[in-house]
Amino acid sequence: MDQPVRELSYAQAIQEAMAIAMEQDERVFLMGEDIGVYGGAFQVTGDLVERFGADRVIDTPISELGGAGVAVGAAVTGLRPIFEFQFSDFATLAMEQIVNQAAKMRYMLGGAVSVPVVMRFPAGSGTGAAAQHSQSLEAWLGHVPGLKVIQPATPHDAKGMLLAAVADPDPVMIFEHKLLYKMKGPVPEGYYTVPIGKAEIRRQGRDLTIVATSIMVHKALDAAETLEAEGIDVEVVDLRTIRPMDTQTVIDSVKKTSRLLCVYEGVKTLGVGAEVSAAIAESDAFDFLDAPIVRLGGAETPIPYNPELEKATVPQVPDIIKAARDLVSGRR
Amino acid sequence: MDQPVRELSYAQAIQEAMAIAMEQDERVFLMGEDIGVYGGAFQVTGDLVERFGADRVIDTPISELGGAGVAVGAAVTGLRPIFEFQFSDFATLAMEQIVNQAAKMRYMLGGAVSVPVVMRFPAGSGTGAAAQHSQSLEAWLGHVPGLKVIQPATPHDAKGMLLAAVADPDPVMIFEHKLLYKMKGPVPEGYYTVPIGKAEIRRQGRDLTIVATSIMVHKALDAAETLEAEGIDVEVVDLRTIRPMDTQTVIDSVKKTSRLLCVYEGVKTLGVGAEVSAAIAESDAFDFLDAPIVRLGGAETPIPYNPELEKATVPQVPDIIKAARDLVSGRR
Amino acid sequence: MAQATAGKETGANLPFIYREYSPEQLRQALHKMYLIRRFEEGAEDSYTRGLIHGTMHLSIGQEASAMGICMPLTLDDQITSTHRGHGHCIAKGAEVAKMFAEFFGKTTGYCRGRGGSMHIADVTTGNLGANGIVGGGLPIAVGAALTAKRTKSERVVVSFFGDGANNEGAFHEALNMASIWKLPVIFVCENNGYGMSTSTARSTAVANIADRASAYAMPGVIVDGNNLSEVAEASHEAVKRARAGEGPTLIESKTYRHRGHSKSDRNRYRTKEEIEDWMTNRDPIMLYETQLQEFGVIDQAGIEGIREAVRQEIADAIEFAKTSPSPEIANLERYVYTEPL
Amino acid sequence: MAQATAGKETGANLPFIYREYSPEQLRQALHKMYLIRRFEEGAEDSYTRGLIHGTMHLSIGQEASAMGICMPLTLDDQITSTHRGHGHCIAKGAEVAKMFAEFFGKTTGYCRGRGGSMHIADVTTGNLGANGIVGGGLPIAVGAALTAKRTKSERVVVSFFGDGANNEGAFHEALNMASIWKLPVIFVCENNGYGMSTSTARSTAVANIADRASAYAMPGVIVDGNNLSEVAEASHEAVKRARAGEGPTLIESKTYRHRGHSKSDRNRYRTKEEIEDWMTNRDPIMLYETQLQEFGVIDQAGIEGIREAVRQEIADAIEFAKTSPSPEIANLERYVYTEPL
Ligand SMILES: Cc1ncc(C[n+]2csc(CCOP(=O)(O)OP(=O)(O)O)c2C)c(N)n1
Ligand SMILES: Cc1ncc(C[n+]2csc(CCOP(=O)(O)OP(=O)(O)O)c2C)c(N)n1
Ligand SMILES: [Mg+2]
Ligand SMILES: [Mg+2]
């Protein structure tokens with residue numbers, strides 16, 4: 001990339017991507033609850049309504065199913081909507097339109113249409129908002145053919161992947177961890193894309209591969225620093241896309257390190273790490289494995305309100321360090 | 001069990017279970033679309049409305065979200081509803097009430113209530129009903145703490161697990177494969193339960209463990225017959241419960257056979273087999289594995305209408321035979 | 001269809017369509033209604049012979065509703081349809097050959113064999129698709145209408161749905177948004193008295209679905225859905241309103257399906273007498289035919305001509321479908337995503 | 001509360017509550033309204049000091065609505081509440097100490113620290129819980145009312161929700177089912193003019209939420225939500241109707257929240273003047289206090305007594321919460337499932 005690079009927050013990076021997309025293409029517009037004058041529950045749309053008007057930054061009524069369906073209908077007839085769920089938890093109200101319509105319409109119609117809709121899902125725990133405002137539901141949508149599902153972990157990727165999503169002819173679901181919104185990082189100016197479907201190696205290492213998603217990438221990198229001091233050399237793979245998953249990058253990494261740890265915030269059972277683990281266990285990387293594949297996922301509980309309990313439900317840096325140590329030392 | 005045993009179809013077994021539950025307990029009642037005089041889309045409720053009246057076999061309007069919520073509200077205030085979705089695909093409309101309310105209410109209220117609701121989901125492909133009436137979505141609900149999720153594979157288990165579900169203080173989700181409804185099998189008369197959370201070994205074997213769910217259990221057993229003639233001795237584990245999953249039974253089996261094949265109808269990626277595979281790959285059975293863990297799941301596509309395509313989307317007996325042969329012979 | 005003055009008689013007392021359409025157009029409408037009827041009979045027959053699998057929902061008895069609504073629509077206008085959508089598809093302009101091919105699961109079908117009856121669509125004539133999800137098409141239609149408005153086109157969008165669908169949350173959310181944003185969309189409730197086995201009296205708190213229009217501050221119009229002219233007139237009004245930027249209309253078209261809900265209906269919830277009455281006294285094609293003759297737009301020979309033409313069209317279409325190729329298994333995962341060019 | 005004749009003055013011209021309740025009961029109502037106000041002020045203050053985390057939605061300005069609706073309810077009656085539910089919880093009978101304890105995340109809280117503000121509940125006094133999902137409580141209330149009807153109890157169920165919630169599909173489906181089954185449930189829309197930042201004019205196709213009642217064939221009643229007596233009178237009527245088996249009522253209680261939507265509101269969608277007007281001229285507690293004095297039910301000293309008692313109650317409650325134990329991490333997975341006894 002040749003463009004000048006600034007430090008932006010993850011939320012600012014997304015906002016900038018949306019602004020660029022709207023400037024470039026009349027068909028792009030935003031829909032969601034309180035994304036206009038309020039600026040969005042997490043201030044991601046911010047002041048975009050002032051720049052682009054209430055016609056292109058549309059406040060919907062509190063109607064997630066209908067709103068998502070309107071976005072699908074607009075996409076299939078030629079527009080390029082970016083639909084914001086206020087919290088990913090409210091996707092539970094719109095699964096019908098996402099899964100039965102957006103994901104399947106092209107297939108059911110034998111290729112007669114495309115559905116270029118982008119949906120954004122502020123996700124994850126850590127804000128004290130309790131069980132109905134803290135879920136990580138990316139595994140559900142990752143299970144649905146017809147959708148593409150991404151989880152950018154950095155401001156750079158948040159912008160580049162959103163622009164890739166808008167350019168994509170198919171429905172793209174973006175899970176954004178709420179605790180990342182304020183995280184800063186280098187973001188090039190102007191237009192660029194980061195490809196959907198490609199994992200990124202964030203740190204090279206020899207002893208152990210950690211595949212992490214979203215905010216867990218940063219926790220894994222933190223853990224890797226500590227582990228390095230102990231002589232454990234960790235490779236950190238940022239999965240970035242849940243569907244289609246870039247298992248090849250993980251396979252190659254595991255062939256090098258012989259050990260795999262999957263770290264994700266969603267509930268452990270049937271969460272994203274289950275797929276990563278299973279994909280490796282059935283690949284030719286299996287023969288390179290020196291130890292069981294370990295998963296660190298969310299606890300088997302709704303997210304609690306109490307902050308200490310809340311923290312304990314999802315993997316933290318010390319958990320990752322301990323799991324890595326155990327894995328490398330052969331402790332079970 | 002001491003009760004006399006008859007041959008009943010899977011649908012009849014469920015109907016009998018519901019009748020017994022309603023006879024035993026005034027609090028039990030049925031809700032769903034066209035479950036009254038129509039007898040249910042798959043004739044599972046049949047003539048129960050004549051026996052128990054329209055007050056206890058309640059036809060709802062076509063309002064899945066509201067209907068599921070009514071069931072949750074009735075359960076939390078002392079009744080024992082059994083709610084039928086006409087097709088499991090329509091659960092997409094009710095995920096809010098299932099996942100945010102039924103699954104979490106007890107937790108969010110610190111144990112002050114229980115939510116003894118049973119929901120039934122006719123699922124799966126094979127009926128030519130295309131993409132919006134053929135899905136297998138058990139993996140979604142299996143990802144949700146607070147729910148119990150079961151997939152009985154035989155008439156015997158369908159009855160016994162439904163009665164266990166009604167007796168259970170927590171929300172139990174039952175996925176019933178539509179192609180099983182007409183399958184017959186021995187069913188004891190009267191009341192009995194089959195425990196939720198226990199897998200069942202359907203066939204003992206030495207060379208390979210096949211973990212299968214729902215209709216795939218029967219396909220796996222068929223495959224095992226053919227494989228036996230070739231000298232391959234297959235152990236077939238009927239998983240029966242998705243959450244909480246009985247991984248111990250699978251671990252024990254894999255320690256014996258050293259090979260694992262997971263067969264399930266849901267989309268392969270992030271389907272039930274991903275969890276089975278991952279659970280084994282992180283268990284102490286890992287050290288016993290002589291080969292990669294192989295999964296046969298649904299294709300990465302919506303279910304097509306054309307019958308040949310439809311068949312090709314989900315594992316069939318020859319696919320299982322081939323996968324088993326390859327696994328045992330070390331072919332990849 | 002373009003407007004013109006019709007028939008032998010003229011004057012303000014003529015039913016709407018005789019004032020609005022040419023005799024040729026009126027005869028074409030009869031032709032299409034026959035095409036719908038015979039298409040469904042042909043599909044039913046093919047199903048019975050095992051040539052079509054799965055299930056299907058026939059709209060026999062509801063042809064005037066589909067036809068009347070589509071009369072004022074241009075090819076640029078769009079519709080979303082339902083599980084009971086064959087009539088909508090044909091009325092909007094689809095070819096029966098490609099529809100049969102779809103039902104037979106062939107690559108020449110509108111959905112290349114991937115959709116079948118429940119997803120029949122012809123995007124080229126503005127049909128965005130039948131829908132397996134009751135109420136699923138309503139928000140999509142609102143979205144299509146948003147496109148129409150944002151792109152400043154003249155296009156209107158019609159969303160067909162059943163009486164049963166009116167109790168879905170999607171209905172509520174869609175009508176509210178269409179109203180607040182004054183979108184060019186027409187909600188057409190084909191009230192055939194039942195959602196599967198459940199009568200509107202048992203499922204719906206109000207006597208007429210149109211009574212709910214006031215909750216969305218839009219006009220609610222009730223028409224005899226078996227009277228082509230009445231349906232077409234209501235559609236005209238609503239289209240005019242929509243094109244003028246005045247927003248949505250809810251039309252309730254009261255009709256009846258002669259057949260069971262789908263292929264697995266024991267028909268325990270309706271009396272023989274009720275069905276008999278609608279079939280013999282209120283058949284929309286019969287009523288229209290009689291009226292056309294009464295106003296001298298067609299004679300018995302003309303009717304026979306249409307019937308024969310339709311018979312041939314259907315026979316040819318079935319033949320086309322039968323002899324078309326099936327999809328190849330190797331192409332199973334095609335159309336899941338948009339392939340790069 | 002039991003009925004009794006009130007105050008110094010009598011006669012048919014007295015506002016409803018003065019005819020229906022004893023002076024003691026009327027003073028208790030003021031006490032509770034103060035308790036709600038001071039509870040929320042205390043919570044706000046604790047939040048500012050970092051003693052409470054997460055977010056919260058204050059109902060300051062809406063106390064007459066919560067209180068008035070709950071006046072005719074018995075402890076056996078049930079409610080479902082909302083994200084803005086502190087007032088409902090207290091009005092229905094909960095103890096502020098256990099509420100504070102919950103907000104502080106303690107094991108002595110109503111939800112043992114698992115729920116917080118957004119899930120505050122007191123099942124023992126009939127509050128089935130606040131709800132983080134807008135509209136989420138409506139179907140649940142209908143289910144609770146189904147239980148009440150099936151078990152032939154006298155119980156009624158009240159479902160509180162906001163104006164924003166009225167555009168959710170859940171609203172539509174719930175009201176329709178309650179109506180067709182004639183269930184003893186009362187839908188109370190607390191219309192404070194905005195769903196978060198979106199005014200009802202921008203979100204809702206009708207001028208009044210109660211205008212939608214006709215779509216469900218139930219009475220729709222509009223009351224001044226800041227006038228305790230008006231709210232209580234509407235609630236009385238609806239409760240009578242529900243207990244008599246005549247089915248549901250929709251009450252729209254027009255009110256206003258003084259504070260921002262939650263703790264992260266820049267307040268760009270309302271004018272200072274609008275807020276100022278409601279705070280100074282239409283504060284429900286002030287209005288009620290004035291009226292009580294006017295009818296001689298209380299004097300200034302009495303009011304001071306109530307204020308002082310509430311002050312003490314709140315201080316004690318906060319102290320209780322502060323000194324209560326936190327849950328142990330080891331118990332993280334408790335209450336996910338019902339443990340066998
Ligand atoms: C969301 C959803 N719920 C239930 C069904 C099953 N179903 C298909 S058609 C139908 C009845 C629909 O009734 P109505 O809307 O009146 O249309 P009609 O069949 O009478 O044309 C039902 C219950 C479905 N397809 N989708
Ligand atoms: C299903 C759902 N959508 C959106 C939200 C986010 N949200 C919380 S409160 C609120 C506004 C609700 O407005 P209203 O119903 O009028 O209640 P009020 O806040 O005014 O009391 C929104 C959009 C949510 N919690 N649940
Ligand atoms: Mg109908
Ligand atoms: Mg409000």
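Computed from a predicted model, the values in this text were never measured in an experiment. Chain letters run A, B, ... following the sequence lines, proteins first, then strands; residues in each count from 1.
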Exercise for review: Please name all residues satisfying ring pair (Phe, Tyr, Trp, His ring centres under 6.0 Å) with A:Phe85, sequence neighbours left out, ordered by chain then number.
Suggested key: A:Phe83, A:Phe121

Exercise for review: Tell me, out of A:Val113, A:Val115, A:Leu79, who's got the most heavy-atom pairs with chain C below 4.5 Å.
Suggested key: A:Leu79

Study note, to complete from the structure: Okay, A:Ile58 and chain C: the region with an atom under 4.5 Å from a heavy atom over there is side chain

**Study point:** Part of C:Val336 lying under 4.5 Å from any heavy atom of chain A
**Key:** both

Revision key, fill the gap. One should read off an interatomic distance between C:Glu246 CD and C:Arg241 CZ, to the nearest 0.5 angstrom, of 6.0 Å

Check your understanding: chain A: which of C:Gly135, C:Gly137, C:Gly109, C:Cys111 shares the most heavy-atom pairs with it under 4.5 Å?
Key -> C:Cys111

Point to revise | Pick from A:Pro145, A:Gly110, A:Gly146 with the largest number of heavy-atom pairs that fall under 4.5 Å of chain C | key: A:Gly110

Review point. Out of C:Ala121, C:Gly136, C:Ala174, which one racks up the most heavy-atom pairs below 4.5 Å with chain A?
Key: C:Gly136

Review point. So which part of C:Ile120 gets closer than 4.5 Å to some heavy atom of chain A, the side chain, the backbone, both or neither?
Key: neither

Find the N and O donor-acceptor pairs between chain C and chain A that sit under 3.5 Å apart.
from, atom 1, to, atom 2, distance (Å)
C:Arg112, NE, A:Gly110, O, 2.8
C:Asn131, OD1, A:Gln101, NE2, 3.0
C:Asn131, ND2, A:Gln101, OE1, 3.0
C:Gly136, O, A:Gln97, NE2, 2.9
C:Thr147, OG1, A:Ala74, O, 3.3
C:Thr147, OG1, A:Thr77, OG1, 2.6
C:Arg150, NH1, A:Asp55, O, 2.9
C:Glu173, OE1, A:Leu65, N, 3.4
C:Glu173, OE1, A:Gly66, N, 2.6
C:Leu332, O, A:Tyr107, OH, 2.9
C:Tyr335, O, A:Tyr107, N, 3.3
C:Tyr337, O, A:Arg106, NE, 3.2
C:Tyr337, OH, A:Gly146, N, 3.1
C:Tyr337, OH, A:Leu147, O, 2.6
C:Thr338, N, A:Asp170, OD1, 3.3
C:Thr338, N, A:Asp170, OD2, 2.8
C:Thr338, OG1, A:Arg106, NE, 3.4
C:Thr338, OG1, A:Ser114, OG, 2.8
C:Thr338, OG1, A:Asp170, OD1, 2.6

Exercise for review: Sort out for me which residue in A:Ile150, A:Val166, A:Ile174 forms a side-chain contact (heavy atoms from CB on, under 4.5 Å) with A:Met161.
Suggested key: A:Ile150

Review point. Mind checking whether C:Val185 and C:Val158 have side chains closer than 4.5 Å, heavy atoms only?
Key: no

Check your understanding: How long is the gap from OG1 on C:Thr204 to CG on C:Asp211, to the nearest 0.5 Å?
Key -> 10.5 Å

**Study point:** From CD (C:Glu40) to NE2 (C:His57), nearest 0.5 Å
**Key:** 11.5 Å

Exercise for review: For this output row, return yes or no: ring centroids of C:Phe104 and C:Phe320 closer than 6.0 angstrom.
Suggested key: no

Practice item. Return the set of residues passing salt bridge (charged side-chain N to carboxylate O under 4.0 Å, His left out) with C:Glu190 (not counting sequence neighbours), or none when no residue passes. Key: none

Check your understanding: Which residues satisfy the side chain to side chain contact (heavy atoms under 4.5 Å, CB included) test with C:Val239, sequence neighbours excluded?
Key -> C:Pro72, C:Leu73, C:Val156, C:Ile186, C:Ser235, C:Arg243

